[in-house]
Engineer: 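Shown below is the structure under consideration.
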Amino acid sequence: MSAPSLTPSKAAGTRPPQPPVDGPPRRGGSFGRSLKRNLTAHGFLIKAVLCFAFFSWYPMVREFFLAFQKTDRGEVSWVGLDNLSTVFNDPAFWQAWRNTALYTLLALVLGFAVPFVVAIVINELRHGKGYLRLLVYLPVMLPPVASVLLFKYLYDPGYGMLNEVFGFFGLPEQQWLQDPDLSLLSVVIASTWMNMGGAALIYLAALQSIPGELYEAAELDGAGLLRKIWHVTIPQTRLVLSLMLLMQIISTMQVFVEPFLLTGGAGPEGSTTTVVYLIYQYAFNFNDYGAAAALGLLLLVLLAGFSAAYVKLSRAEDE
């Protein structure tokens with residue numbers, strides 16, 4: 001018998017010797033490389049945040065403090081709720097809120113419904129969609145002042161085109177901007193024409209994302225155009241419609257440019273005086289920045305409360 005060998009046999013399952021491991025990689029180098037790679041992006045982001053903070057956040061904070069201060073010959077003093085009392089006791093305060101609420105209601109009837117109908121019409125057409133999209137969005141690309149001056153020419157009681165059309169059909173001429181009963185409606189019509197292009201394109205994009213199978217199924221069930229809109233189009237675009245409704249209310253509650261340029265702000269018998277125009281009067285006509293800030297704070301609280309209630313109701317409905 002031969003003596004057993006002291007050299008270990010090379011079994012089939014043995015692993016070859018592994019090289020020594022130097023330990024886990026250091027994270028400092030990886031973080032440094034990542035920071036260096038994203039340094040340019042961080043630089044652009046910081047600039048944008050600083051600009052937004054300076055032009056948006058700082059005025060909001062400043063307005064909050066101004067609402068409880070009074071400035072007299074360069075001296076600032078705290079007056080508590082005196083500015084709010086001044087605003088509430090102003091007869092124009094309630095008229096401005098009433099006009100703003102009425103303007104918002106009329107804008108919802110026209111400015112919210114008309115773009116949706118226009119989007120449905122364009123979506124149903126087979127030819128010329130690109131041309132019609134450009135035509136609908138064209139008023140948005142015009143400067144607001146130019147659009148308002150165009151409507152001021154159309155509303156002119158002497159040589160305005162609207163009265164010319166009314167006269168051609170034998171209808172009585174109207175004092176569009178001089179009549180207290182028509183001035184606010186005239187402003188709403190002009191504002192709807194100026195701003196409906198963006199909303200119409202958003203609605204059109206939402207309509208084009210609806211599966212065609214849903215309309216085909218509705219047609220097989222015998223649904224007509226109105227039933228398809230009610231049972232297919234509106235439910236499928238409910239999220240977009242609700243979001244646009246919120247944005248419409250917020251924007252119309254802050255209307256200023258259209259009544260200021262069309263009727264001088266107040267309008268006949270104060271019929272177009274809005275909350276934002278009253279803020280403008282307090283600040284630049286009466287030099288009462290405290291009252292202007294107090295009224296702006298009230299508008300901010302109202303819109304914030306409405307937005308919070310809307311979000312809460314939307315979440316409860318989704319659940």
Side-chain angles (χ1 to χ4, degrees), residues 56 99-156 160-162 165 176-177 182-210 215 225-226 228-230 232-263 272 274 276-277 303 306-307 310:
S56 296
N99 292 337
T100 303
L102 181 59
Y103 179 90
T104 302
L105 180 61
L106 293 174
L108 289 179
V109 175
L110 295 178
F112 184 71
V114 171
F116 189 64
V117 174
V118 170
I120 292 176
V121 172
I122 295 177
N123 190 55
E124 292 295 325
L125 297 177
R126 296 185 177 181
H127 305 287
K129 288 186 178 181
Y131 171 75
L132 290 176
R133 285 198 297 264
L134 175 62
L135 189 63
V136 170
Y137 194 73
L138 184 61
V140 181
M141 296 186 289
L142 295 177
V145 176
S147 300
V148 171
L149 292 179
L150 172 63
F151 270 88
K152 197 167 185 178
Y153 165 75
L154 295 177
Y155 288 143
D156 190 273
M161 185 179 296
L162 283 180
V165 174
W176 298 100
L177 299 177
L182 294 176
S183 57
L184 192 62
L185 178 61
S186 302
V187 173
V188 172
I189 294 174
S191 178
T192 300
W193 182 84
M194 292 167 54
N195 302 305
M196 75 172 185
L201 292 187
I202 293 176
Y203 292 143
L204 184 60
L207 293 175
Q208 292 177 349
S209 64
I210 300 177
Y215 290 108
L225 177 61
L226 295 180
K228 286 192 295 184
I229 294 175
W230 183 258
V232 178
T233 304
I234 294 180
Q236 292 295 317
T237 58
R238 181 177 59 87
L239 181 60
V240 176
L241 287 173
S242 59
L243 180 61
M244 293 300 294
L245 175 64
L246 175 63
M247 296 177 62
Q248 178 86 6
I249 293 177
I250 293 177
S251 61
T252 52
M253 290 288 290
Q254 303 177 66
V255 62
F256 173 76
V257 175
E258 292 86 349
F260 181 75
L261 295 179
L262 282 174
T263 64
T272 60
T274 62
V276 177
Y277 176 71
L303 294 180
F306 173 79
S307 301
Y310 168 82

Engineer: Identify the two heavy atoms, one from T252 and one from Y103, that lie closest to each other, and give their separation to 0.1 Å.
Structural biologist: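 Smallest interatomic distance, heavy atoms only, reads O-CD2, 3.7 Å.
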Engineer: Looking at side-chain heavy atoms only, is the closest gap between L207 and I210 below 4.5 Å?
Structural biologist: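 Side chain of L207 against side chain of I210, heavy atoms only: contact under 4.5 Å found.
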Engineer: Determine the minimum heavy-atom distance between R133 and L204, stating which atoms define it.
Structural biologist: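 Looking at all heavy atoms of both residues, the closest pair is CD-CD2, 3.4 Å.
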Engineer: Could you tell me which non-hydrogen atom of L110 sits nearest to which non-hydrogen atom of P115, and how far apart they are?
Structural biologist: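 Looks like O-CD, 3.7 Å.
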Engineer: Can you sort out the partners of T263 under side chain to side chain contact (heavy atoms under 4.5 Å, CB included), two or more places apart, ordered by chain and number?
Structural biologist: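 With neighbours one apart ignored, the set is L177, V187, P259, T272.
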Engineer: Which distance, rounded to the nearest 0.5 Å, do you find between the CG of L303 and the CG of L246?
Structural biologist: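 Spacing of CG (L303) from CG (L246) equals 9.0 Å.
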Engineer: Considering residues at least two apart in sequence or located in another chain, which fulfil the ring-ring contact (aromatic ring centres under 6.0 Å, His included) criterion with Y203?
Structural biologist: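 Checked Y203 against ring-ring contact (aromatic ring centres under 6.0 Å, His included); matches are F116.
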Engineer: Between atom OG1 of T192 and atom CZ of F112, what is the distance when rounded to the nearest 0.5 Å?
Structural biologist: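 Reported value, rounded in 0.5 Å steps: 12.5 Å.
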Engineer: Would you check if the side chain of N123 reaches a backbone N or O of A119 as a donor-acceptor pair within less than 3.5 Å?
Structural biologist: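 Answer holds: no.
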Engineer: Given Y310 and I250, is the side chain to side chain contact (heavy atoms under 4.5 Å, CB included) satisfied, shown in steps?
Structural biologist: CA-CA 12 Å; Y310 168 82; I250 293 177; over 6 Å; no
Engineer: Considering non-hydrogen atoms only, spot the tightest contact between L184 and N99 and give its length.
Structural biologist: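 Heavy-atom minimum between the residues: CD2-O, 3.8 Å.
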Engineer: List the steps, then state whether side chain to side chain contact (heavy atoms under 4.5 Å, CB included) holds for M244 with L241.
Structural biologist: CA-CA 5 Å; M244 293 300 294; L241 287 173; 5.9 Å; no
Engineer: Specify whether F151 and Y155 have parallel, tilted or perpendicular ring planes, treating 30° as the upper limit for parallel and 60° as the lower limit for perpendicular.
Structural biologist: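 Rings of F151 and Y155: tilted, as their planes differ by 30° to 60°.
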Engineer: Is a side-chain donor or acceptor of S186 paired with a backbone partner of W176 at a separation under 3.5 angstrom?
Structural biologist: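 The answer is yes, because a donor-acceptor pair under 3.5 Å joins these two groups.
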Engineer: So I229 and I234, do their side chains get closer than 4.5 Å, heavy atoms only?
Structural biologist: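 Of all side-chain heavy-atom pairs linking I229 with I234, at least one is under 4.5 Å.
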Engineer: So E258 and I189, side chain to side chain contact (heavy atoms under 4.5 Å, CB included) or not? Walk me through it.
Structural biologist: CA-CA 10 Å; E258 292 86 349; I189 294 174; over 6 Å; no
Engineer: Under a 3.5 Å distance rule, please check whether S147 uses its side chain to pair with a backbone N or O of M194 as donor and acceptor.
Structural biologist: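 No, S147 side chain to M194 backbone: no donor-acceptor pair under 3.5 Å.
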Engineer: How close do V276 and Q254 get, heavy atom to heavy atom, and via which atoms?
Structural biologist: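 For V276 and Q254, the tightest heavy-atom pair comes out as CG2-CA, 3.5 Å.
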Engineer: Determine, step by step, whether F306 and I249 satisfy the side chain to side chain contact (heavy atoms under 4.5 Å, CB included) criterion, reporting the C-alpha distance in whole Å, the side-chain angles of both residues, the deciding distance to 0.1 Å, and the verdict.
Structural biologist: CA-CA 9 Å; F306 173 79; I249 293 177; 3.3 Å; yes
Engineer: Below 4.5 Å, heavy atoms only, C-beta onward: do L134 and M141 meet side chain to side chain?
Structural biologist: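 When only atoms from C-beta onward are counted, M141 and L134 do touch, with a gap below 4.5 Å.
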Engineer: Indicate the atoms forming the closest heavy-atom contact of Q248 with A107, along with that distance.
Structural biologist: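 Nearest pair, atom of Q248 first, then A107: NE2-O, 3.3 Å.
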